[in-house]
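Working notes, beginning with the structure itself.
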2 protein chains.
Amino acid sequence: MDESDTDTKKAARESGDTAPGQSAADDTQNGLLENASAKRRSGGVNARMRDVAKRAGVSTMTVSRALSDPDRVSAEMRERVITAVKEIGYLPNHLARSLSSTRSTTIGLIVPSVDNFIYTQTVKGLSEVIRRSGFQLMVAECGHDEDEEEEVIKTFLGHRVGGLILYNTEHTEEARAMIRASDVPVVESGNLPRRPLDMAVSYSNSEAAKAMTLYLGRLGYKKIAFACLDTRNNDRSRDRREGYLEALKQLGQTPDPRLIIDTARGMAAGAEAVAHAVEAVPEVDALFCGGGLLAAGAFFECQKRGWNMPGRIALASFDDIEMLHHLSPTVTTLRLPRYDIGVRAAQMLISRILDRADHLKGSVVDLKFEIIQREST
Amino acid sequence: MDESDTDTKKAARESGDTAPGQSAADDTQNGLLENASAKRRSGGVNARMRDVAKRAGVSTMTVSRALSDPDRVSAEMRERVITAVKEIGYLPNHLARSLSSTRSTTIGLIVPSVDNFIYTQTVKGLSEVIRRSGFQLMVAECGHDEDEEEEVIKTFLGHRVGGLILYNTEHTEEARAMIRASDVPVVESGNLPRRPLDMAVSYSNSEAAKAMTLYLGRLGYKKIAFACLDTRNNDRSRDRREGYLEALKQLGQTPDPRLIIDTARGMAAGAEAVAHAVEAVPEVDALFCGGGLLAAGAFFECQKRGWNMPGRIALASFDDIEMLHHLSPTVTTLRLPRYDIGVRAAQMLISRILDRADHLKGSVVDLKFEIIQREST
DNA sequence: TTGTAAGCGTTATCAC
DNA sequence: GTGATAACGCTTACAA
C-alpha cells in the first residue's frame with residue numbers, strides 16, 4: 001500500500017456529497033462506485049457521519065463528539081453539527097458504534113414463552129427501564145428447554161448484547177461456560193437460584209407455596225390438594241411442590257400422593273384437577289392451584305358442581321390474576337412482584353453495564369410475595 | 001502510511017494467539033496492547049475470526065466462507081475451520097457481519113404494550129417464524145402515542161434493522177418519511193390501513209364490529225349498547241365504533257349516543273359499563289363489549305345483579321379470550337386470527353428481506369375473523 | 001478453491 | 001478544542 005493507493009481511497013470516500021463551497025477534487029475513476037452508494041443512502045436516514053461532517057465543515061470526530069458527548073465540543077461546532085444532522089436527516093449507525101466502541105446498547109431477554117402473562121408483566125417492567133436508559137431489548141423464547149436456551153444465548157452473545165436476562169435458573173454446562181467466558185452481566189429470574197450465574201432477582205417459589213399451604217393448614221383444612229404444573233424441566237414447578245410438601249410436614253400432616261394432581265396448563269386443566277382430586281380423595285377440603293388459570297378453571301368447575309367455596313372446598317391460587325378478584329366468592333391468591341422483578345432486574349443489569357457496579361455481582365435479590373386473603377378460603 | 005507501518009499493524013494483530021507449530025515472529029513493541037486484547041477475549045466466545053483462521057492455518061476469508069457458505073470451500077478446509085471454531089469456542093460477531101455486509105438479521109417490533117394478551121398472541125406468531133428463519137427480534141413499546149412510535153422507529157433504524165413490524169397503522173409524517181427513506185420493509189398490523197406504508201396483515205376492526213352488531217340485531221335485539229374503549233389516538237377503537245354504527249344503520253336502528261359507553265380497559269371497567277348502560281337506557285337488551293376483559297367484567301356484574309343472559313341482557317365480546325368460554329352462560333365472541341397475523345406478517349417480511357420479494361410490496365392481507373356464537377346471545 | 005486488499009461507519013488514541 | 005489515523009471484526013470484490 002503506497003501513497004497513491006491511499007489517495008485513491010480517500011477520493012472515493014469523499015466524493016459522496018459536495019459541501020457548499022468545496023470543490024470536488026476527485027471523480028476520476030470511481031463514478032460507478034459512487035453512484036451506487038449515493039443511491040443507497042439517498043435518504044438521509046442512511047447517510048454516514050462523513051456526510052454530516054462534510055456538510056458541517058468539520059471532521060467526523062467532531063460530529064461523533066457533538067452527538068455522543070456534546071460538552072467536549074465548542075458551542076459553535078455543536079450548533080453546526082446539529083444543524084447538518086437535521087438537514088440531512090442523519091441517523092447514527094448503532095452497529096458501527098458498537099463495533100468500534102466494543103460497547104453494546106442491546107440487552108437480550110430469554111423467556112419460556114412470550115404470550116404468557118406470567119412473563120409479560122416482568123417484561124413490561126424490564127422494557128420500561130431498559131428503554132428509559134437508552135438500551136434496546138432483544139427477545140427470544142426458549143420453551144422449557146435448556147438446550148434451546150443455550151442456542152439463544154449463543155445467538156445473543158454473537159449479537160454482542162451488553163447484558164442478558166434469563167427467566168430461568170437452570171442452564172446447560174455449555175451455556176454457563178459461554179456466559180462466564182463472555183463476561184457479559186446476567187440476571188436470572190423466575191426463581192431464586194441455588195447456584196447463581198451472576199445476579200438474580202425473583203421471589204422464592206418454594207417459600208411462596210409453603211406459605212400458602214401453611215395458611216390453609218392453619219385455617220383448619222386437613223386434606224389440601226395441590227394442582228401441580230409440569231415439573232419436568234421446570235424448577236419453578238418443582239419448588240412449588242417442595243414448598244407444599246414442606247408445609248405439610250410442618251403442619252404435622254402426612255403428605256398424600258393422591259392429593260398432588262399433575263396438571264397441564266390452562267383453565268380446562270384446572271377443571272380436570274378438581275375432578276381428579278375429588279375422585280382420588282373424596283374428603284378433600286382445599287385445593288391449592290399452582291397457577292392462576294388453573295385456579296380459574298377449578299373455580300368454574302366447583303361452581304358447576306354447585307360446591308360452596310370454602311364450604312365444600314377451599315380454593316387458593318399461586319398467582320394473582322385479575323379474574324380471580326372478580327369471581328364470587330373472590331379467590332385467595334399469592335401476589336407475586338412480577339412487574340417489580342422486571343424493573344429491579346433491569347436496573348441492576350444496567351448499573352453493571354453503565355456504572356461497572358461490580359459490587360452487584362453475585363447479588364440474589366428476593367422480592368418476596370404476599371398472600372391476598374379472600375373469600376374462597 | 002508506508003511499509004513499516006503496515007508491518008507493525010499486522011504484527012500487532014497476529015500475535016494474539018500462537019498456533020501449534022508456528023513460531024511467533026513478532027512481539028517487538030506490542031506487548032502491552034497484546035496483553036489487553038488477549039485478556040478481553042480470554043474466553044473463545046470473544047475470539048475473532050482471525051484467531052480461528054490462525055489456528056486452522058487458513059485465511060479469514062476461508063473461515064468466513066466455511067461458516068456462512070460451507071459449499072464454497074473444500075471439504076478439508078471446512079473440516080479444519082469447524083475444528084478450530086469448536087476448539088476456540090468462537091462465536092461470529094453479528095455486529096461486524098451486519099456492518100460489513102450491510103445486511104441485518106434483526107427485525108424491530110413496536111407494540112403499544114408488551115403485557116397485553118391482545119398483542120402477545122401476535123408476538124408469539126412473529127417470534128416463532130422469525131427465530132426459525134435465523135432472525136432476531138427487537139421489541140419496544142410505544143403506548144398509544146405516535147410520537148413515541150416515531151422515536152422508537154428512529155432508534156430501530158439506527159440499529160439498522162432489516163425489517164419493521166408496527167402494531168399500529170397511524171404514524172407521524174416524520175415517521176413515514178424516515179421509513180420511506182430507509183427503504184426498510186415494513187408490515188403494519190392491528191387494523192387494515194387506509195394508507196399502507198408498505199405491507200399490512202390484519203383483520204378489519206370496523207368489519208368485525210359491524211358483523212357482530214348485525215348478528216345481534218338479527219337476533220332481534222333492539223337496544224344494543226356498545227362498550228367503547230378509548231378512541232383517542234386509537235384508530236382500532238374508532239373503527240370498532242364505526243362498524244357498530246354502520247351496522248345499526250343497516251339494521252334500520254337509530255343510533256342512540258347514550259348506548260355508546262366510553263370505558264377504560266379491564267374488568268372493572270366492564271362492570272361499570274353495565275351500570276352506565278342500564279342507567280342511561282333501562283331497556284337496553286344487549287351489550288357488545290369492545291374488548292375481552294371488558295366483557296368478562298360485564299359478565300360478572302350482570303351475574304351479580306342476578307340478570308339472566310341473554311334473558312335480561314345479551315352479552316357479546318370483541319375478543320375471544322379463554323375465560324369467556326368457561327363462564328356459564330358461555331359468551332359469544334369475535335375470534336380474531338391474532339396468532340396467524342403474527343405468522344403471516346413475519347413470513348411476508350422475511351420474504352421481502354431474504355428473497356427480495358418485491359411483488360409483496362403494497363399487499364394488504366385481510367385475515368378476517370369469526371363470530372363464535374355461544375349461550376350469552 | 002483460496003487469498004489479498006479495501007471497506008462497512010463508527011470511536012479510541014494521540015497529536016496539534 | 002479539533003483533527004488525523006488506526007482499529008473494531010467481518011465481508012465484498014477481485015486477483016491468483
Side-chain angles (χ1 to χ4, degrees), chain A residues 1-2 5-13 16 30 32-33 36-37 40-41 46-53 56-78 80-81 90-105 158-160, chain B residues 1-2 5-6 8-10 12-13 16 30 32-33 36-37 40-41 46-53 56-78 80-81 90-105 158-160:
Chain A
M1 183 189 286
D2 59 17
D5 247 304
T6 307
D7 272 351
T8 309
K9 169 174 150 192
K10 225 177 216 164
R13 283 186 154 179
N30 306 302
L32 218 105
L33 246 134
S37 46
R40 198 172 45 64
R41 65 188 126 76
N46 291 325
R48 303 154 307 171
M49 202 171 255
R50 194 175 298 273
D51 304 323
V52 175
V58 300
S59 72
T60 59
M61 270 318 297
T62 300
V63 177
S64 176
R65 291 187 185 112
L67 293 178
S68 23
D69 196 359
D71 295 337
R72 291 174 49 105
V73 120
S74 71
E76 197 212 323
M77 288 293 165
R78 208 180 313 148
R80 270 158 69 184
V81 169
Y90 167 73
L91 243 42
N93 185 327
H94 285 249
L95 258 38
R97 201 201 281 279
S98 294
L99 180 61
S100 178
S101 65
T102 60
R103 258 179 278 117
S104 168
T105 63
H159 276 276
R160 297 303 190 262
Chain B
M1 183 189 286
D2 60 15
D5 247 303
T6 307
T8 309
K9 169 175 151 192
K10 227 178 213 162
R13 282 187 156 179
N30 307 301
L32 218 106
L33 246 134
S37 46
R40 199 172 45 63
R41 65 189 126 75
N46 291 324
R48 303 153 305 173
M49 201 172 255
R50 194 175 297 273
D51 304 322
V52 176
V58 300
S59 72
T60 59
M61 268 320 296
T62 301
V63 177
S64 175
R65 290 188 186 111
L67 293 178
S68 26
D69 197 359
D71 296 337
R72 291 176 49 106
V73 120
S74 69
E76 196 213 324
M77 288 293 165
R78 208 180 313 146
R80 270 157 70 182
V81 169
Y90 167 72
L91 243 43
N93 186 326
H94 284 251
L95 258 38
R97 201 201 280 279
S98 295
L99 181 60
S100 178
S101 65
T102 59
R103 258 179 278 114
S104 168
T105 63
H159 277 275
R160 296 301 189 264

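Proteins come first, then strands; the chains are lettered A, B, ... in the order of their sequence lines, and each starts at number 1.
In the helix from C/dT1-D/dA16 to C/dC16-D/dG1, the rotation axis of the first five pairs and that of the last five pairs differ in direction by 30°, rounded to 10 degrees.
Applying the side-chain hydrogen bond (donor to acceptor under 3.5 Å, both in side chains) test to residues at least two apart or on different chains, the pairs with a partner in residues 90-101 of chain B are A/His159-B/His94.
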Quiz: residues 65-74 of chain A side-chain donor-acceptor pairs under 3.5 angstrom, not counting sequence neighbours:
unit_1	atom_1	unit_2	atom_2	d
A/Ser68	OG	A/Ser64	O	2.6
A/Ser74	OG	A/Met77	N	3.4

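The stretch residues 58-68 of chain A touches DNA chain D through A/Val58, A/Ser59, A/Met61, A/Thr62, A/Arg65, each having a heavy atom under 4.0 angstrom from the strand. Listed by residue number, A/Pro92, A/Asn93, A/Ala96, A/Arg97 are the residues of residues 91-99 of chain A with a heavy-atom contact under 4.0 Å to DNA chain C.
Atoms CZ (B/Arg72) and C1' (C/dG3) sit 13 Å apart, rounded to a whole Å. For the pair B/Glu76 CD and C/dT1 P, the computed distance is 14 Å after rounding to whole Å. Between the CG atom of A/Asp51 and the C1' atom of C/dG9 there is a distance of 10 Å, rounded to whole Å. In this structure, NE2 of A/His159 is placed 17 Å from P of D/dG9, rounded to the nearest angstrom. Spacing between atom CE of B/Met77 and atom P of C/dT1 amounts to 12 Å, rounded to whole angstrom units. Protein atom CE of A/Met49 is 14 Å distant from nucleotide atom C1' of D/dG3, rounded to whole Å. Atom CG in A/Asp71 sits roughly 12 Å away from atom P in D/dT2 (whole-Å rounding). As a whole-Å value, the separation of A/Arg103 CZ from D/dC8 C1' is 12 Å.
When side chains are defined from C-beta on, A/Arg50 does not count as touching A/Val63, because their heavy atoms never get closer than 4.5 Å. Inter-residue side-chain proximity for A/Asn46 and B/Arg160 is flagged as met; some heavy-atom pair is nearer than 4.5 Å.
Listed by chain and residue number, nothing satisfies the salt bridge (Lys or Arg N to Asp or Glu O under 4.0 Å) test with A/Arg78 (two or more places apart in sequence, or in another chain). Contacts of A/Ser59 classified as side chain to side chain donor-acceptor pair (under 3.5 Å), with partners at least two apart in sequence or in another chain: A/Thr62. Applying the side chain to side chain donor-acceptor pair (under 3.5 Å) rule to A/Arg80 yields the partners A/Glu76; only residues at least two apart in sequence or on another chain are considered.
Side-chain nitrogen and oxygen atoms of B/Arg78 include none within less than 4.0 Å of the OP1 or OP2 phosphate oxygen of C/dT1.
Once rounded to the nearest 0.5 Å, the distance linking OG of A/Ser104 with CG of A/Leu99 reads 11.5 Å.
Donor-acceptor pairing under 3.5 Å, judged by distance alone, is present between the side chain of B/Ser100 and the base of C/dG7.
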